[in-house]
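Since the model is a prediction, treat every value here as computed from it, not as a measurement. Side chains included, hydrogens not; waters and symmetry mates left out as well; all remaining heavy atoms used. The sequence lines fix the lettering, A, B, ..., with proteins before strands; numbering per chain opens at 1.
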Number of protein chains: 2
Amino acid sequence: MNTTRAEENYLKAIYRLTKTKKQVILPNLIAEKVQVNPASVVDMIKKLVRKELISYSRKEGAKLTDTGQRIALNIVRSHRLWEVFLVEKLEYSWSEIHVIAEQLEHIKHPDLVDKLDSFLDFPSFDPHGDPIPDKMGAYPISKKIFLSTLSIGAECKVISVSDDNTDFLNYLEKLGISIGTKIKILEKNAFDDSLSLQIEKKNIITVSRKFADSLYVI
Amino acid sequence: MNTTRAEENYLKAIYRLTKTKKQVILPNLIAEKVQVNPASVVDMIKKLVRKELISYSRKEGAKLTDTGQRIALNIVRSHRLWEVFLVEKLEYSWSEIHVIAEQLEHIKHPDLVDKLDSFLDFPSFDPHGDPIPDKMGAYPISKKIFLSTLSIGAECKVISVSDDNTDFLNYLEKLGISIGTKIKILEKNAFDDSLSLQIEKKNIITVSRKFADSLYVI
DNA sequence: CCAATTAATTAGACAAGCCTAATTAAATAA
DNA sequence: TTATTTAATTAGGCTTGTCTAATTAATTGG
Ligand SMILES: [Mn+2]
Ligand SMILES: [Mn+2]
Ligand SMILES: [Mn+2]
Ligand SMILES: [Mn+2]
């Protein structure tokens with residue numbers, strides 16, 4: 001199946017939304033993810049239905065077909081492998097890689113992604129802690145949970161982070177938090193659900209509930 | 001200056017034509033290089049003139065402005081560095097890399113190309129033997145000549161090869177010729193200008209004048 | 001159950017890049 | 001120097017992916 005860059009971005013968006021949100025995938029939701037007008041999404045939905053990459057109805061929303069799923073999975077795999085490359089080989093920082101991978105994920109050539117995978121020695125997780133599906137589309141397992149689910153006194157390690165919000169990534173970088181950082185829960189404030197955390201047994205910070213709901217730890 | 005993929009391909013084409021051909025760069029020539037209809041070239045020429053990336057007149061043909069030249073040079077640099085990456089790190093073969101680099105050369109991010117350059121340890125030539133301009137646009141020097149200019153008995157080493165003709169690259173691969181291969185001129189046939197060559201002191205082959213005019217040696 | 005709001009869809013437009021089929025200009029050869 | 005050929009240009013059209021401004025459904029609060 002021949003897919004354009006735009007089609008691939010929509011397929012990936014639908015795939016990710018299906019994984020994260022537990023709702024029906026409707027135009028508004030996709031529009032927000034792809035950063036595009038809902039009317040444009042309706043156009044693209046028609047095109048993807050025509051190419052049998054998704055099914056769509058007002059009731060069921062957009063759903064990937066097997067082919068669509070396969071393509072989306074390949075893009076995700078490619079994206080995350082390139083992110084590993086950018087951090088480990090080109091020494092990019094955490095927060096810069098997403099936009100570059102957003103372009104690199106669309107480079108097409110037989111074996112390119114597999115060769116990259118092999119060159120990087122088959123990593124299981126990307127620099128944001130997200131799992132990298134293997135050649136067959138199988139995900140490595142990880143038992144990550146939200147920081148917000150831990151109770152006072154618990155210690156944990158940052159394992160994953162939303163890769164598509166630069167503000168969040170920059171904030172983390174400013175706080176000195178990255179994959180592997182050790183965090184201890186000192187206090188939970190009932191008033192606004194904010195948390196006091198100790199970072200790497202050193203500095204103490206206070207973060208919002210929203211923050212704690214965005215950070216995966218183990 | 002913000003440039004699209006198509007614009008960059010045209011700028012690169014004009015740049016390469018200016019370097020190789022000693023003629024005025026007119027639509028037909030560009031059309032052939034970019035593999036596009038001459039009418040489309042006329043459209044794009046207008047656009048590039050509007051953006052002040054080239055100048056154009058029927059008499060003078062297309063000429064890169066300073067900005068246009070800078071962009072073209074960066075694309076060439078990016079293309080050749082990615083080719084090195086594909087061969088040295090991903091173990092692609094000689095003849096496969098051009099089409100992939102044709103896509104990779106357009107990936108944009110501050111420092112990406114320089115980081116790649118550094119990761120590859122600042123190579124001077126790409127896998128086809130073509131020089132890689134440095135960050136400032138300066139080319140490394142090489143004193144390559146055409147195989148066809150040598151006389152009988154001469155020995156030489158393959159140093160460079162046209163990277164954009166897959167047929168030629170495949171033919172070379174079949175003959176066991178690549179960068180670094182040693183060649184001795186055994187005979188030159190006045191009748192059709194064909195040459196007898198000995199490859200790596202072993203097998204003897206006969207090649208056409210066109211062939212000998214396409215191979216750079218030292 | 002109806003009015004108000006929100007979401008999906010349609011209609012119509014536009015930029016980028018390409019094409020084919022005229023048309024015009026230039027070069028060449030008789 | 002005129003006729004022929006070749007090359008450049010224009011005219012008009014198409015696809016992809018986007019937009020804004022209607023319009024039509026759905027949902028929901030009163
Ligand atoms: Mn993308
Ligand atoms: Mn990521
Ligand atoms: Mn290209
Ligand atoms: Mn090359």
Side-chain angles (χ1 to χ4, degrees), chain A residues 1-14 17-18 21-63 68 71-72 75 99 102-103 105-108, chain B residues 1-14 17-18 21-63 68 71-72 75 99 102-103 105-108:
Chain A
M1 178 68 43
N2 247 15
T3 44
T4 66
R5 177 174 292 228
E7 287 164 8
E8 288 170 0
N9 283 334
Y10 279 93
L11 290 175
K12 193 179 65 164
I14 293 168
L17 287 170
T18 309
K21 311 273 178 179
K22 290 301 159 213
Q23 337 158 13
V24 187
I25 311 300
L26 292 169
N28 257 7
L29 203 60
I30 300 173
E32 222 243 290
K33 190 82 171 176
V34 187
Q35 293 285 10
V36 104
N37 191 290
S40 311
V41 174
V42 174
D43 285 347
M44 183 56 90
I45 282 177
K46 281 179 194 151
K47 195 186 172 199
L48 293 175
V49 167
R50 203 170 349 106
K51 295 183 87 171
E52 297 183 63
L53 299 175
I54 64 170
S55 65
Y56 178 76
S57 74
R58 240 162 144 137
K59 189 177 300 248
E60 305 269 316
K63 286 183 174 164
I71 293 168
I75 298 291
V99 274
E102 207 54 52
Q103 304 175 61
E105 67 187 0
H106 305 288
I107 306 284
K108 283 182 218 25
Chain B
M1 176 68 44
N2 246 15
T3 46
T4 66
R5 177 175 294 227
E7 286 164 8
E8 288 170 1
N9 284 333
Y10 279 93
L11 290 175
K12 194 178 63 164
I14 293 168
L17 287 170
T18 309
K21 311 270 178 183
K22 289 301 158 213
Q23 338 157 14
V24 187
I25 311 299
L26 293 169
N28 257 7
L29 204 60
I30 301 174
E32 224 244 288
K33 190 82 171 175
V34 187
Q35 293 285 10
V36 104
N37 191 290
S40 310
V41 175
V42 174
D43 286 348
M44 183 54 90
I45 283 176
K46 282 180 194 149
K47 196 186 172 199
L48 294 175
V49 167
R50 207 174 341 111
K51 295 182 89 170
E52 296 183 64
L53 299 174
I54 65 170
S55 65
Y56 178 76
S57 74
R58 238 158 146 138
K59 191 178 300 252
E60 305 271 318
K63 287 183 173 166
I71 293 168
I75 297 291
V99 275
E102 206 55 51
Q103 303 174 61
E105 67 188 1
H106 305 288
I107 305 285
K108 283 183 222 15

Original post:
With a 4.5 Å heavy-atom cut-off, do B/Lys108 and B/Glu8 have their side chains touching?
Top reply: yes
Original post:
Reckon B/Ser40 has a side-chain N or O less than 4.0 Å from the OP1 or OP2 of C/dC19?
Top reply: yes
**OP:** Check whether any side-chain N or O of B/Glu7 sits under 3.5 Å from a backbone N or O of B/Thr4 as a donor-acceptor pair, and report yes or no.
**Re:** yes
Subject >> Distance (rounded to the nearest 0.5 Å) between A/Asn37 CG and A/Asn28 CG >> reply: 9.5 Å
Subject >> B/Lys51, NZ: over 12 other non-hydrogen atoms inside 6.0 angstrom >> reply: yes
**OP:** Pick base, sugar-phosphate or nothing for B/Asn28, based on heavy-atom distances below 4.0 Å to the nucleic acid.
**Re:** sugar-phosphate
**OP:** Can you establish whether the number of heavy atoms outside B/Lys47 located under 6.0 Å from its atom NZ is more than 12?
**Re:** yes
Subject >> Rounded distance in Å - CZ (A/Arg5) to P (C/dG17) >> reply: 13 Å
**OP:** Find the distance B/Leu26:CG to C/dA27:C1' and express it as a whole number of Å.
**Re:** 13 Å
**OP:** Walk along DNA chain D from 5' to 3' and tell me the first and last nucleotide with an atom closer than 4.0 Å to a non-hydrogen atom of chain B.
**Re:** D/dA7 to D/dT10
Original post:
When the nearest nucleotide of DNA chain D is assigned to A/Ala39 and to B/Pro38 on a heavy-atom basis, which residue is associated with the more 5' position?
Top reply: B/Pro38
**OP:** Show the numbers, then the answer: is there a side-chain contact (heavy atoms from CB on, under 4.5 Å) between A/Tyr10 and A/Leu53?
**Re:** CA-CA 11 Å; A/Tyr10 279 93; A/Leu53 299 175; over 6 Å; no
Subject >> Nucleic acid contacts - residues 42-62 of chain B versus DNA chain C, non-hydrogen atoms under 4.0 Å >> reply: B/Asp43, B/Met44, B/Lys47, B/Arg58
Subject >> From CZ (A/Arg58) to CG (A/Leu26), nearest 0.5 Å >> reply: 9.0 Å
